[in-house]
Amino acid sequence: MDSKNLTLSTLASMEDYDPNSMPVEQARQLIKQFLSPVTETETIKIQDAFHRTLAADVLSPMNVPPHDYSSMDGYAVRADDLTGSSNKLKKIGSSFAGHAFAGKVGAGECVRIMTGATIPDGSDSVVMQEQVKVDGDNIEFSAACKCGQNIRLLGEDIQKGAVVLSQGQRINAAEMGLLASLGFAEITVFRKLKIAIFSTGDELIQPGKSLASGQIYDSNRFTLIGLLTELGAEILDMGNIRDDKNAVRAALLKASSQADVIITSGGVSVGDADYIKELLDEVGEVVFWKLAMKPGRPLAYGKVGKCHFFGLPGNPVAVMVTFLQFVRNALWELMGQHPKPAFSFQAICTTPIKKAAGRTEFQRGILTQGDDGLWTVQTTGEQGSGILSSMSRANCFIVLPMEQGNVEKGSVVQIQLF
Ligand code: AMP
Ligand code: MG
């Protein structure tokens with residue numbers, strides 16, 4: 001596939017292009033071809049930078065540590081003074097973290113030193129306080145001393161000018177601390193992605209109200225709010241839109257004029273009230289609308305103008321599965337990050353699983369460690385795609401590939417941790 005020149009019109013001519021039952025990996029690759037990351041940047045305080053994306057490489061403006069310092073509470077000495085089996089040195093002062101010793105350590109002398117304190121001039125090693133006998137200012141050393149011991153050297157962690165963080169890196173807690181340790185109060189990041197969300201369905205009612213016959217609570221929008229908040233996106237919550245073609249069309253157009261991405265749930269199957277695919281064809285372009293997977297078979301991806309569109313299924317489990325399997329990486333990429341495929345590994349499955357070949361399945365699993373230290377996985381039980389509690393009880397997906405049939409108890413399966 002030529003990614004550079006891929007357009008929707010050339011898609012249709014691709015031999016293996018089946019928007020009606022697209023394999024999972026092909027769908028991922030296809031989405032990737034259409035993503036162009038945000039380029040606008042803003043400068044923000046580092047305390048506000050959690051889960052934002054670095055817009056440029058960060059070079060260290062300084063050496064870390066910025067001076068030689070002690071990694072122990074003890075005594076700063078000259079190693080040459082401690083070559084005998086027992087040596088007495090005179091304590092001539094103290095060096096505390098933030099309060100360096102101003103003098104110089106001469107032959108036969110030592111300085112009391114605390115963890116984090118600057119190494120006094122003249123000294124070259126630190127002996128732990130547990131290894132000395134103290135008698136006033138007379139300090140007796142009996143242990144051997146290796147020159148340079150217990151000292152962290154200037155620039156040992158990071159050299160001035162070194163690239164410490166790269167463009168596109170997500171800022172987590174460690175990165176916030178690292179930026180602070182280099183003296184940065186502010187950092188330049190890509191602007192937040194604006195994501196419009198709405199649910200569709202006449203049966204949906206908002207939590208807090210009482211249910212009338214035939215109604216259910218709109219849960220998908222709240223799942224999405226959680227998932228998007230975690231990503232650090234700006235959410236434009238458009239509520240629930242009724243199953244009315246004009247209302248859904250108006251919502252799509254409004255969302256596309258304000259957001260970078262539209263994410264909806266429901267209305268993508270082929271029922272009489274499912275307008276999403278038809279409307280997307282009308283006001284935008286559809287890349288695919290059905291995947292060879294379970295749950296999440298109806299998943300529409302396309303564009304409305306410049307805006308990316310993800311039409312997630314209505315079933316609550318399918319919403320989470322399709323978001324985690326397709327949408328999240330796409331959003332990270334649009335945010336300017338370089339996401340990797342989900343981390344996965346193998347485990348023994350302790351429950352048999354019924355599975356038809358021909359589609360990828362993402363069963364909800366519970367991974368546990370046995371007394372023998374080995375990890376095994378079991379399904380959460382009934383895998384109906386409306387059973388949202390299964391997502392809450394599970395801690396991983398059991399990923400069953402397309403060609404896989406039934407899984408026997410005791411087989412090795414592929415796991416993706418949440
Ligand atoms: P649909 O694709 O619109 O036919 O929806 C498939 C199933 O998901 C139906 O049982 C819907 O009632 C249900 N559903 C759709 N949207 C939501 C939502 N926002 N919250 C909870 N369930 C939903
Ligand atoms: Mg519906």
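Whatever order the structure lists ligands and atoms in, that order sets their numbers, starting from 1.
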Participant: Checking contacts here: is it the side chain or the backbone of S265 that comes within 4.0 Å of ligand 1, counting heavy atoms only? Could be both or neither.
Facilitator: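 The answer is the side chain of S265.
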Participant: Mind checking whether V321 and F397 have side chains closer than 4.5 Å, heavy atoms only?
Facilitator: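 Yes, close enough: below the 4.5 Å cut-off.
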Participant: Tell me, which protein residue and heavy-atom name are nearest atom 22 (N) of ligand 1, and how many Å apart are they?
Facilitator: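 Closest protein heavy atom to atom 22 (N) of ligand 1: I216 CD1, 3.4 Å.
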Participant: So, does P313 sit close enough to ligand 1 that a heavy atom of it is under 4.0 Å from the ligand?
Facilitator: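 False for this residue.
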Participant: Under a 4.0 angstrom heavy-atom cut-off, which atoms of ligand 1 come close to Y217?
Facilitator: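 In order of number, 20 (N), 21 (C).
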Participant: Of the side chain and backbone of E203, name the one, both, or neither that has a heavy atom under 4.0 Å from an atom of ligand 1.
Facilitator: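 It is the side chain that gets close, since no backbone atom is under 4.0 Å.
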Participant: Among G314, G267, S199, G201, which one has a heavy atom closest to atom 3 (O) of ligand 1?
Facilitator: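 Considering heavy atoms of G314, G267, S199, G201, the nearest to atom 3 (O) of ligand 1 sits in G267.
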Participant: Once you round to the nearest 0.5 Å, how far does CD of E333 lie from CD of Q337?
Facilitator: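 If we round to the nearest 0.5 Å, E333:CD and Q337:CD are 10.0 Å apart.
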Participant: Residue-level breakdown please: for L204 versus ligand 1, do any non-hydrogen atoms fall below 4.0 Å on the side chain, on the backbone, on both, or on neither?
Facilitator: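 The side chain, only.
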Participant: Please report which non-hydrogen protein atom sits nearest to atom 10 (O) of ligand 1, along with the residue it belongs to and the distance in Å to one decimal place.
Facilitator: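 Checking every protein heavy atom, the shortest distance to atom 10 (O) of ligand 1 gives N315 OD1, 4.3 Å.
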Participant: Could you find the nearest protein heavy atom to atom 17 (C) of ligand 1 and give me its residue, atom name and distance?
Facilitator: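 Checking every protein heavy atom, the shortest distance to atom 17 (C) of ligand 1 gives N220 ND2, 3.1 Å.
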Participant: Over 60° means perpendicular and under 30° means parallel, so tell me whether F345 and F343 are parallel, tilted or perpendicular.
Facilitator: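 Tilted.
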Participant: Would G266 count as being in polar contact with ligand 1, using the rule that some N or O on each side must be under 3.5 angstrom apart?
Facilitator: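 G266 vs ligand 1: no N/O contact under 3.5 Å.
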Participant: Please examine the side chains of L400 and I353, heavy atoms only from C-beta on, and report whether any two atoms are closer than 4.5 Å.
Facilitator: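 I353 reaches L400 side chain to side chain.
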Participant: Which residue owns the protein heavy atom closest to atom 2 (O) of ligand 1, what's the atom, and how far is it?
Facilitator: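 Going by distance alone, atom 2 (O) of ligand 1 is nearest to S269 OG, 3.0 Å.
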Participant: Could you check atom 20 (N) of ligand 1 against the protein and tell me its nearest heavy-atom contact, residue, atom and distance included?
Facilitator: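 Atom 20 (N) of ligand 1 sits closest to the protein heavy atom S219 N, 3.0 Å.
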Participant: So, the side chain of S269 versus the backbone of G271: is there a donor-acceptor pair under 3.5 Å, distance only?
Facilitator: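 Side chain of S269 to backbone of G271: no pair is present.
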Participant: Do F362 and V24 have side chains that get closer than 4.5 Å, going by heavy atoms?
Facilitator: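 Side chain of F362 against side chain of V24, heavy atoms only: contact under 4.5 Å found.
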Participant: Looking at atom 19 (N) of ligand 1, what's its closest protein heavy atom, distance included?
Facilitator: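 Protein heavy atom with the smallest distance to atom 19 (N) of ligand 1: D218 OD1, 2.8 Å.
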Participant: Within 45 degrees of the axis of the six-membered ring of F323 and under 6.0 Å from its centre: does R328 put its NZ or CZ there?
Facilitator: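 Output no; distance or angle outside limits.
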Participant: So if I apply the side-chain contact (heavy atoms from CB on, under 4.5 Å) rule between I195 and each of I262, L331, D260, L224, which one comes out positive?
Facilitator: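 Of the listed options, the one satisfying the test is L331.
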Participant: Would you call the rings of Y75 and F141 parallel, tilted or perpendicular, taking 30° and 60° as the class edges?
Facilitator: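 Plane angle over 60°, so perpendicular.
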